[in-house]
Structure formats: C-alpha cells, structure tokens
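What follows is a single structure, written as structure tokens, with notes after it.
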There are 2 protein chains.
Amino acid sequence: MSEIPTLKPAGGKRSSKRDRILQIFLRQEGHVSADDLFALVRHEDSRVGRATVYRSLQSMVEAGIARKVDFGEGRSRYEPAHRHPRHFHLVCTTCHQSSEFLSSDVEGLLQEIAGARNFQPKETVVQIVGVCEACRTGTSTPPIDGSTTGLVFARDALRMAIATEQSGLEFYTRAAKITSDARGRRVFQQLALEEGEHLATLKQRYAELLAGDPKLESRPTFLFFKGPANRLFSSGAEELRHGVDAERALLIGIKCERGSHQFFKKYGERFEETEGRRIFLEFAAEERDHLNLLIREYRALRERRKKRPHR
Amino acid sequence: MSEIPTLKPAGGKRSSKRDRILQIFLRQEGHVSADDLFALVRHEDSRVGRATVYRSLQSMVEAGIARKVDFGEGRSRYEPAHRHPRHFHLVCTTCHQSSEFLSSDVEGLLQEIAGARNFQPKETVVQIVGVCEACRTGTSTPPIDGSTTGLVFARDALRMAIATEQSGLEFYTRAAKITSDARGRRVFQQLALEEGEHLATLKQRYAELLAGDPKLESRPTFLFFKGPANRLFSSGAEELRHGVDAERALLIGIKCERGSHQFFKKYGERFEETEGRRIFLEFAAEERDHLNLLIREYRALRERRKKRPHR
DNA sequence: CTAGGTGCAAATAATTTGCAGAGGC
DNA sequence: GCCTCTGCAAATTATTTGCACCTAG
C-alpha cells in the first residue's frame, strides 16, 4: 500500500508555476543543478523565484519524479527518475560531464553485502570518478546521459534477450536432434520453432528501435552483465554434448528456463516503467510458458514410463 | 617518479599548529567533519581559527594523509588515509554512522566497466545508503569504522590466505596420493608438507592477531570476495578426482598457483601500507615459490619422458 | 474563503579569501 | 628579514525560511 507518485501531492493545489518548472525539467537532458534549472525557467518566465525552483525540485524528489545526485561539486544535481532506470555514474573531473551505466552484477554483489551486514539498503551510490575518453583523447564518443539512457537501456535489454533466445534456440535444436523418444523430440522441435519465431520478433523489434535513432547501435554499453542468465543455455547445450536421454534433456531445459525466467523477472521488476522493463518482463513471461510446457512434458514422460517400465 | 606524500609540503614550513591539528585528526576514530575537528582542536588549544583547520585538512588531503568523503549531508567528512586501506561505505540515514567494507569483486567489475568505456578511473565511490542493523533491531553490532578497519582488514586477509592454503594442502595431499611417478609424488609430498607448515604459521599469526583484541573475531566481515582465487585449488582438487597422471597434476598445480599468486599480488599492491597488504604480498611470494618449483618439476618430467618414450 | 503556492529578501551553513600580523628558517 | 602560516572577519556559494501576498478549489 505504498504511495503512488503523482504530480499533485496529496492535498496540494495545481500550480501553473510548478507545472511549468516540471515541464522544463523533464525536457532537459543530463543532470541539471538547481541553478541551471532556475536559469532555464527564468528564460521562459522571468517572474519565478529561486526558492520556488528549489521547492519544486524538493517535491519532485519526494514524488519520485526526480532523483538528487551528488558529484561532489558542492551542489546537488537532479535527474529525471520517471520512466528512467536507476543507474550508476561515470563522472569526469575534467569536463564535468557524467555518463550513466548499470551493472546487474555489481547490484547483486552490493545486495549480498548489505544482507551479510544486516543492513537495509534504500539506495546505492556507485560512481567512477576520473577522466573520460573524450577529455583524454579528444575523440568524442557520445556519452550516455539522461537523454539517451531510456533508449540505450531498451537496446541492451533486447540484446540480452536476443542472446538468451539464441542460446535457447541452439539448445532446443540440439536436444531435438539427440532425443530418441518421439514425443519428447516433438516437444523440443516445437520449442525450437517457437524460439526461432520469437527470435525473429525480437530482431524485428531491435531493428525498429534502431530505425528511430541511427546512432543508437554505436552508443556505448549501458547495461553490463556477466551474470548467470548469460550462460545458462550454453552450458545446458554443453551438457547435451555428452549424450543424454529425453528425460535428462527435459530436466536440463527446465533448469535453463527456470533460471532464465527468474533472472529476467527479477531484473524487470527492478526498474521503473521503461521500455527496457517491458522487454524484460515480456521475455520472462515467454520463458515461463516454455518452463511450464517442459514441466508438463516431463511429468507426462514419467507417467508413460511408469506404465511401461524400462524394457 | 610520483610525489611521495610528506607531512611537510614542498617549500612549506613546519608549523606547530598544523602538526597539532594533524595529530588530533589522526587520533580520531571514524569520519570527522571539518567542524568536528575544529571543535576538538579548540578544546585543546583555543587559539586556533576555523580557517586554519580547513586549510590543514586541504593540505592533508593533497598530501594523501586524509581522504574527503561525502555522505550527502551537505558537508564533507574526512577519514585518515594513512596505513588504511581504500574502502566503500554503508551509510545509515538514521544514526548517521557509517561502516566500512570492501569487495574485490565489485572493484574488479568497476574496473572492467571503466575499461569498456575507455574511462580512466581516479577514484571509485560506492555507498550503500539505508538503515543499519543497530537502528532497525536495537541490537548493537560493532560497526567497522576507521578505528578498527586496519585490524579487521588484516584479519580478513589472513582468513583469505588460510582458506587458500587449506585448499592447497588438500590439493597436494590428494595429488601425492594419486601420482604414480615416484619423483612427481615426492614433489607433491614436499609441497603438501610446506603448505601444512605455512598453514600452521598463518594460524599462529591469526591467533596472535586475535590476542590483541578479543572482540576482533566477532566483528563483521570487511573484505568480501567470491573471486577466482577462492575456488582455484578446490576446483583443481575436483579435477584430480577424475584420476590424472603426474604431468596433468603438475599442470593443474601450476594453474592454481599461478592464479593464486597473481590474485594475491595484484590485491596486495592495491593497498596502502597496511598489515593486510603485507599479508597479501607475503602470501603471493609463497605462491610464486611453489609455482616455480612446480614449473621446474614439470620441465624435468618432460625431459625424462623424452629420453624414455612412452612404454 | 482558505490552505497551500509564490516571490522577495533575509537567514543559515559550509567553506573560502583578504589582509595584517606572527613565527619559523 | 623573508616567506609562509595564522587568525579574524568579511565574502562567497548553495540552500532554506519568514512573511506578506496570491490563487485555485
């Protein structure tokens, strides 16, 4: 029964000033300081006081629309939180730009550590402070700041899903080839077909995403992960190489789909309402369907086996 | 040819005031704000100005004696850096205490990410902000703050070394049992003996460390790691279970010792002059000796084999 | 009408700086 | 005696608050 963030705080009045400030804040890219925002607002409406900007920012943070970040400059900066995943920062001390990234592995480790110390984490701050590529070499790689994070996050989520799907396809293709039990083979063939179709859908979606921004593909990675979901299917396929029966193949498939489902579900739930989140959750659902199919099939196989004991 | 931090900045004059401030700062535990320190200094010598404290802190940070930390309170805090490992923080928003920890895995991941983005890291800030155990449950676990970090770090380094040593001992004992080649067996026996002796030394040292502070053993973990060094020997021992010849066993041993040596060396070098650093580096040297012995033995074995080709 | 929103100016709070004088080398 | 350090007070910077006024519900 937690508070749902609204633009209108409980009992608050709609105010054109506050709306205007919010509107200007949301259209900014990157990380604005209170004073930056004040200047911007003043530019459009000179009858706004500095205090109002501060008060608006404060209520936006409370409402969950903005996040306060501190890059050690002696003043706070603010970034839009709405439809924008939580993330960490690379802070350049030379150009004072900051680029965003996320690592599921770092998040996981920090969570474990907090657990080990019986600490209830509310927020995690991770900053890599140093000199960015552009400042060091003169080369200008587009930084990942607030303006592009949403898209890049969606791109990386899709890449993750596509990679997993591809492993899954390989796994089921191989499993179908190996399985001698006719019905088991048909299940694997069906799953391979489904994965193939879904893979095509994902690739289509990836292409559409790229079409919206031609530079999107070349932007640096936002979402880093080496986590477990990554290698589930490929290690499953590895196991198949040793030669297994239908029952064993089904069990391996169940393990893979379960791991994959749980990872994508947990990861999707972790985020604000973003395209990336949607991709994760849809993919998790897909994996859950496969998981259920495999479990049903596994039970059926054992049932058949019970009736007709091993030859 | 980097600057060696001194108490006396180049061209600076020795000043009793500054010395006094430094002295008082270094004897503090935990994280002091500029004003805390000012109050403390005033307590002993009322003829000191606030500005002097600020200027001293600034030069201490430049000299590498102090580290500036920001817990988002709107003011900076300072912690002694001298003979004190770099670390991350758990920041409690209720009691405003902050506890220290370190994770070799998080450090490694962040380093990789910086590399992938061509970012030159100078410093990494990792904070888990939330509510500590004491504030949530009333139970008071001693926090790891500046006063105890050095000792706890040494304790954890020793624990890490002991665990690795124990895995090594198991590995060599098993290898000696398995190896049929007489000379190879003798090498493994010798190594097992050495590991056993060294293990005893480490345990002795651990006991001595604990004797200095009876509460030390019960303090929470400072150094978290699940890294590769952890499982090297145990996975090596696992491989032995499948039954291998002397040559293979030597190769596995080489892989283990090399990984272990590199990990401890890299990790030891990462730190300021602390007891923990010394433990890491000594252990790394030990592993390097074993590595060399194994390599020598491996070459000798191949030499013998060449002369007397496979039966 | 009334509670909350707003602008202005003044207050706070952390930190820095200008300057005259003190003190080590 | 020179040059840096030091204390004090004033300046600066980011942010908050008091208060009279305004405006939406």
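Every chain is numbered from 1 and lettered A, B, ... according to where its sequence line falls, protein lines coming before strand lines. Computed from a predicted structure; not experimentally measured.
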Which pairs with one or both residues in residues 32-55 of chain B pass ring-ring contact (aromatic ring centres under 6.0 Å, His included), sequence neighbours excluded? none
Using distance only, find each side-chain donor-acceptor pair of residues 84-92 of chain B under 3.5 Å and give its atom names and separation, not counting sequence neighbours.
{"from": "B:His84", "atom 1": "NE2", "to": "B:Gly146", "atom 2": "O", "distance (Å)": "3.3"}
{"from": "B:Arg86", "atom 1": "NH1", "to": "B:Glu107", "atom 2": "OE2", "distance (Å)": "3.1"}
{"from": "B:Arg86", "atom 1": "NH2", "to": "B:Arg270", "atom 2": "O", "distance (Å)": "3.3"}
{"from": "B:His87", "atom 1": "ND1", "to": "B:Pro85", "atom 2": "O", "distance (Å)": "2.8"}
{"from": "B:His87", "atom 1": "NE2", "to": "B:Glu79", "atom 2": "OE1", "distance (Å)": "3.2"}
{"from": "B:His87", "atom 1": "NE2", "to": "B:Glu79", "atom 2": "OE2", "distance (Å)": "3.1"}
{"from": "B:His87", "atom 1": "NE2", "to": "B:His89", "atom 2": "NE2", "distance (Å)": "3.1"}
{"from": "B:His87", "atom 1": "NE2", "to": "B:Glu100", "atom 2": "OE2", "distance (Å)": "3.2"}
{"from": "B:His89", "atom 1": "NE2", "to": "B:His31", "atom 2": "NE2", "distance (Å)": "3.3"}
{"from": "B:His89", "atom 1": "NE2", "to": "B:Glu79", "atom 2": "OE1", "distance (Å)": "3.2"}

OP1 or OP2 of C:dT6 less than 4.0 angstrom from a side-chain nitrogen or oxygen of A:Arg47, does that happen here? no
Using whole Å, report how far NZ of B:Lys17 lies from C1' of D:dT4. 14 Å
The criterion is side chain to side chain contact (heavy atoms under 4.5 Å, CB included); which residues satisfy it with B:Asn118, sequence neighbours excluded? A:Glu133, A:Arg136
Protein-nucleotide distance (B:Ile21, atom CD1; D:dC5, atom P), rounded to Å: 12 Å
What I want to find out is whether B:Arg278 reaches B:Glu273 closely enough, with some N-O distance under 4.0 Å, to be called a salt bridge. yes
Sequence neighbours excluded, which residues qualify as side chain to side chain contact (heavy atoms under 4.5 Å, CB included) partners of A:Glu112? B:Lys226
Quick one: B:Arg18 CZ to C:dG23 P, roughly how many Å, whole number? 16 Å
Excluding sequence neighbours, so at least two apart, what forms ring-ring contact (aromatic ring centres under 6.0 Å, His included) with A:Phe222? A:Phe153
Separation of D:dC5 P from B:Glu62 CD (nearest whole Å): 11 Å
Using a 4.0 Å cut-off on protein heavy atoms (strictly under), produce a 5'-to-3' string for nucleotides 10-21 of chain D with B for base contact, S for backbone-only sugar-phosphate contact, and - for none. ----SBBBB---
